[in-house]
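One structure is given below, encoded as structure tokens.
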Amino acid sequence: MVSAAGGSVATAGVAASMQIQARDEYGNRRSEGGDTFGLDVVEALTGARIHASVHDLGDGSYNVLYTSTISGAFRVDLVHSDTLMAVPGINIVVAPARAHGPASVAEGLGLRRAVAGKASTASVWLRDQYGNAVAPDDLLVTATLVLAPTPLTVPVDIQLLDSRIHLSYEATVSGKYSLSLHLDSDDRLISDATFEPIVSFDEIDASTLAIAMASQSVNAGRELSFSLSVSDQWGNDAHVHTVQVRTIGNGIEKSVRVRNVSRATSIRMMAPSKTGGYSMIFSLNGVTSPTSMEIEVVPGNIDVRQSWVTLLGGRELQAGRAGRLEVVTYDEYLNPVRPELVTCALSSDSKSKSLQIDISSLTESTVLFDFVATRSGSYTICAGVGSCSHQIGDSIDVMYRSADPVADSIQVTLRRVSPEAAQDTAGSQTQVFVSGLDMFGNSYDQIQNGIAEGSLAPTDQGPGSVSVPLRFSTVIDGDFVLTYTAT
């Protein structure tokens, strides 16, 4: 018969002791040792056994030492001389050791990722170094969530439940965070890892679309470039799978799709070929954004192949009289182009001169050039961009004739058909050579029939005398030749 005494509460991993007192069959304490005892501490639920060491103290009492790394309720099995004996009044409870970070278990989506503006959670099950569950009661638990490498700290809500620690946080700034857990001030709860949850952007807010364009004016048919940035309601840079850009105006609609748009994504597209104002409409993942942009498509450079020149009036002019050339300019898409850069030149074999623009005639696509020459002869007129080396259309040939002759410059010379004749005879033919200059010194060159004519009258205007008409015959060496026949 035995009795036992000792601590009923032990701590996992810490040596515990109890005493056995040997008694005789009448219940009297034995005063000497020598008995052989064996003792096991047995976990009530699993039956796990922990063998204790028994030390004979020589006075009928025995000291028992054991160490359990398993927490829970235990009973005592005592064997004396191979006989299992009951030990009444001994119930042992082994409490878990102090919470140990590396052995504790943390789980939950909030340890890995979160969505901006949405609550994210995680749980921690405390364990001692032997894996025994540790209740978080009366523990000082702290958590720190920092956006690396900034000083931004996000509050973490902590709830101590029966078997776990519940963590909850809500971050509105996207990025990679550092989450550390501490127990009892400085002791890190999860000492073998610092969690790095990534907070991603919230659902796309189409109204936060940002557009950056160097100029909202673009040449027709040329590349239009700009950048797009999208964000969530918290201002975090976001990612859009598909952005559709529609350009609408002037009876034209162009559309392009751009995939994988994020922060400052560069977009390139061709501007419409027709000038005018256009609206650019944006759709993010199929949702039309209230953000739009207005652009103005302006004409491109003058295309000499699509432009032309027209001579207003005839190709023959009198010296000193002005002529007029019309130039109409377009770009390669037949959009009218204002022709400030157009020049015009009038040239002859001997010289060339630039013509002046009639500024009052300048319109969105048309300009008039006035030109004049005082020397008679053939001229060529051309128009071009900058110079006639970039010529618009074909060159135009014009002829300047002399102006009306000056009266005192007219000279008349008689040349008889028979030079040896001293005088005209009745029925003979005589040539009269007439030459003259206009006010600019040009030899008179109007050879049309009837322009030069005259008459031959007798000096003695007696009865029966008649005048003989002089008729235009031809031109010889620049002189008008008239002939008459005296009868």
Give, for atom CG of Asp128 and atom OG1 of Thr69, the distance between the pair rounded to the nearest 0.5 Å. 8.5 Å
Looking at Tyr177 and Leu145, what are the two nearest heavy atoms and their distance? CB-CD1, 3.5 Å
For Leu147, is there any backbone N or O sitting under 3.5 Å from a side-chain donor or acceptor partner on Thr150? yes
Begin from the C-alpha positions of Thr242 and Arg259 and carry the test side chain to side chain donor-acceptor pair (under 3.5 Å) through to its verdict. CA-CA 4 Å; Thr242 303; Arg259 298 192 180 277; 3.2 Å; yes
Count the heavy atoms of every other residue, nucleotide or ligand shown that sit under 6.0 Å from NE2 of His390, and state whether that count exceeds 12. no
Give, for atom OG1 of Thr144 and atom CG of Leu179, the distance between the pair rounded to the nearest 0.5 Å. 8.0 Å
Between Asn442 (side chain only) and Thr374 (backbone N and O only), is there a donor and an acceptor less than 3.5 Å apart? yes
Sequence neighbours excluded, every pair satisfying ring pair (Phe, Tyr, Trp, His ring centres under 6.0 Å) that has a member inside residues 288-318: Trp308-Tyr330
Can you find a side-chain donor-acceptor pair between Thr380 and Asp397 that sits under 3.5 Å? yes
Sub-3.5 Å donor-acceptor pair from the side chain of Asn335 to the main-chain atoms of Ala220, do we have one? no
Please report the C-alpha distance between Met280 and Met213 in whole Å, then the side-chain angles of each, then the deciding distance to 0.1 Å, and finally whether the side-chain contact (heavy atoms from CB on, under 4.5 Å) criterion is met. CA-CA 12 Å; Met280 299 185 71; Met213 179 180 291; 4.3 Å; yes
Residues Ser365 and Thr329: side-chain donor-acceptor under 3.5 angstrom: no
Show, in sequence, the C-alpha distance, side-chain angles and deciding distance for Tyr169 and Ser120, and conclude whether the side-chain contact (heavy atoms from CB on, under 4.5 Å) test is met. CA-CA 6 Å; Tyr169 65 87; Ser120 191; 3.9 Å; yes
Distance (rounded to the nearest 0.5 Å) between Asp237 CG and Asp232 CG: 9.0 Å
Any chance you could lay out the side chain to side chain donor-acceptor pair (under 3.5 Å) test for Glu107 and Ser123, step after step, and finish with the verdict? CA-CA 5 Å; Glu107 293 181 353; Ser123 293; over 6 Å; no
Judged by atom type as modelled, is there a donor-acceptor pair below 3.5 Å linking the side chain of Thr208 to the main-chain atoms of Ser231? yes
Please step through salt bridge (charged side-chain N to carboxylate O under 4.0 Å, His left out) for the pair Glu332 and Arg222, ending with a clear verdict. CA-CA 11 Å; Glu332 61 181 301; Arg222 293 297 183 263; 2.9 Å; yes
Sub-3.5 Å donor-acceptor pair from the side chain of Asp331 to the main-chain atoms of Ile302, do we have one? no
For Gly300 and Asn219 the tightest heavy-atom approach is CA-ND2, 3.8 Å
side-chain contact (heavy atoms from CB on, under 4.5 Å) against Ser225, all qualifying residues, sequence neighbours excluded: Arg268
Might you point out which heavy atoms bring Arg324 and Leu368 nearest each other, and give the distance in Å? NH1-CD1, 3.5 Å
Heavy-atom count around Met439 CE within 6.0 Å, excluding the residue itself: above 12? no
Do Ser389 and Ser387 pair up side chain to side chain, a donor and an acceptor below 3.5 Å, judged on atom types alone? yes
Counterpart residues, salt bridge (Lys or Arg N to Asp or Glu O under 4.0 Å), relative to Glu326 (two or more places apart): none
Regarding Glu170 and Lys118, does a basic nitrogen lie under 4.0 Å from an acidic carboxylate oxygen? no
Any luck finding a side-chain donor-acceptor pair between Gln244 and Ser255 under 3.5 Å? yes
For Asp394, I'd like to know if atom CG has over 12 heavy atoms of other residues, nucleotides or ligands within 6.0 Å. no
Smallest separation among heavy atoms of Ser217 and Val298, with atom names: OG-CG1, 3.5 Å
Taking the two cysteines Cys388 and Cys382, do their sulfur (SG) atoms come closer than 2.5 angstrom to each other? yes
